[in-house]
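What follows is a single structure, written as structure tokens, with notes after it.
What's counted below: heavy atoms across the whole structure, side chains too, no hydrogens, waters or symmetry copies. Nothing here was measured: the structure is a model prediction, and the numbers come from that model. Counting from 1, the numbers follow the sequence of the chain as shown.
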Amino acid sequence: MIRRPVAWTVAVVLLVEAVGIALLNWFLGVVVDRQEMSLAGLDPDMMSASSKAAGVVLGLYLVLCALAALLVAVRDRSPAGLWRVLLIGAAVVHGLLGALTVGLLGWPAFGYLMVVFGLIVLTLMTYDGSGGPADARPATGGPTPDEGTARGEGIPGAAERQAPAGRRSPLLRRPQLGDAHAQFAQQPADQRQ
């Protein structure tokens, strides 16, 4: 299967990104501090500290996203809860950054971000809710959960709503095109409006 190698790849790429972004922001903070640069009268020490803090926060966020992808690869199951939210957030961030980098950094940076975006989305989409193939039938040869639900099996009170043999219950059948017209025609003339 392609699922596990993609999840491993996402974990490694996000971990490398986390280290790269943390180091880049730390380097920018050091440069601002040593050059005593100021932007629109802002304090250089504040700019340096905020750049370093942003690097640490973004790095930790990407490390958590890499951990989520690593858990997906190790467990071979779909991410759930907070881990799924982290991976969706990473995909959104990469998509937005890809759109912004076209004009600022050029097409190679855009291509890289879109590849990472695609890998994250592929990791999220290749797993179904159960962790197995979506079209697998139970070993007993019975209906799949979707088929059983469509017939009302496993739904409380469904047995009472079942129609006699040969006739479908109006609660379980799909509405037809002429149903509204037929209901209107069956009403007494004084109730029609």
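- The minimum heavy-atom distance linking Val121 with Ala91 is given by the pair CG2-CB, 4.2 Å.
- The two residues Gly59 and Ala22 have their closest heavy-atom pair at CA-CB, 4.5 Å.
- Taking 4.5 Å as the limit, every side-chain heavy atom of Leu15 sits out of range of all side-chain heavy atoms of Leu62.
- A heavy-atom distance below 4.5 Å is found between the side chains of Val74 and Trp8.
- In this structure, Val116 and Tyr112 have side chains that are in contact, with non-hydrogen atoms separated by less than 4.5 Å.
- Clustering ILVMFWY residues whenever any of their side-chain heavy atoms sit less than 4.5 angstrom apart, transitively, puts Val102 in a cluster other than the one holding Leu100.
- Trp26 and Leu28 are members of different hydrophobic clusters when ILVMFWY side chains are connected at heavy-atom separations under 4.5 Å.
- The neighbour count for Leu82 CG, taken as heavy atoms of other residues, nucleotides or ligands under 6.0 Å away, is above 12.
- Distance CD/Glu17 to CG/Leu24: 12.0 Å, rounded to 0.5 Å.
- Taking 4.5 Å as the limit, every side-chain heavy atom of Phe110 sits out of range of all side-chain heavy atoms of Leu105.
- Val63 and Ile21 are not part of a single hydrophobic cluster, where members link through side-chain heavy atoms under 4.5 Å apart.
- Considering OG1 of Thr123 and CD1 of Ile2, their distance stands at 9.5 Å, rounded to 0.5 Å.
- Cluster membership for Val115 and Val6, using ILVMFWY side-chain heavy atoms within less than 4.5 angstrom, is shared.
- Nearest approach of Ala68 to Trp83, heavy atoms of both residues: CB-CE3, 3.5 Å.
- Atom CG of residue Leu119 and atom CG of residue Leu124 lie 11.0 Å apart, to the nearest 0.5 angstrom.
- Residues Ile120 and Leu14 meet the side-chain proximity criterion, which asks for heavy atoms closer than 4.5 Å.
- The CE atom of Met114 lies 8.5 Å from the CG atom of Leu97; values are rounded to the nearest 0.5 Å.
- Looking at Ser48, its side chain never comes within 3.5 Å of a backbone N or O of Pro44 through a donor-acceptor pair.
- Of the inter-residue distances, the one linking His94 atom NE2 with Thr101 atom OG1 reads 10.5 Å to the nearest 0.5 angstrom.
- Looking at heavy atoms from C-beta onward, Val30 lies in side-chain contact with Lys52 at the 4.5 angstrom threshold.
- The closest side-chain heavy-atom distance from Phe27 to Val31 is below 4.5 Å.
- The minimum heavy-atom distance linking Leu87 with Cys65 is given by the pair CD2-O, 3.7 Å.
- A heavy-atom distance below 4.5 Å is not found between the side chains of Leu71 and Pro79.
- Here the straight-line distance linking atom CZ of Arg3 with atom OG of Ser78 works out to 9.5 Å at 0.5 Å rounding.
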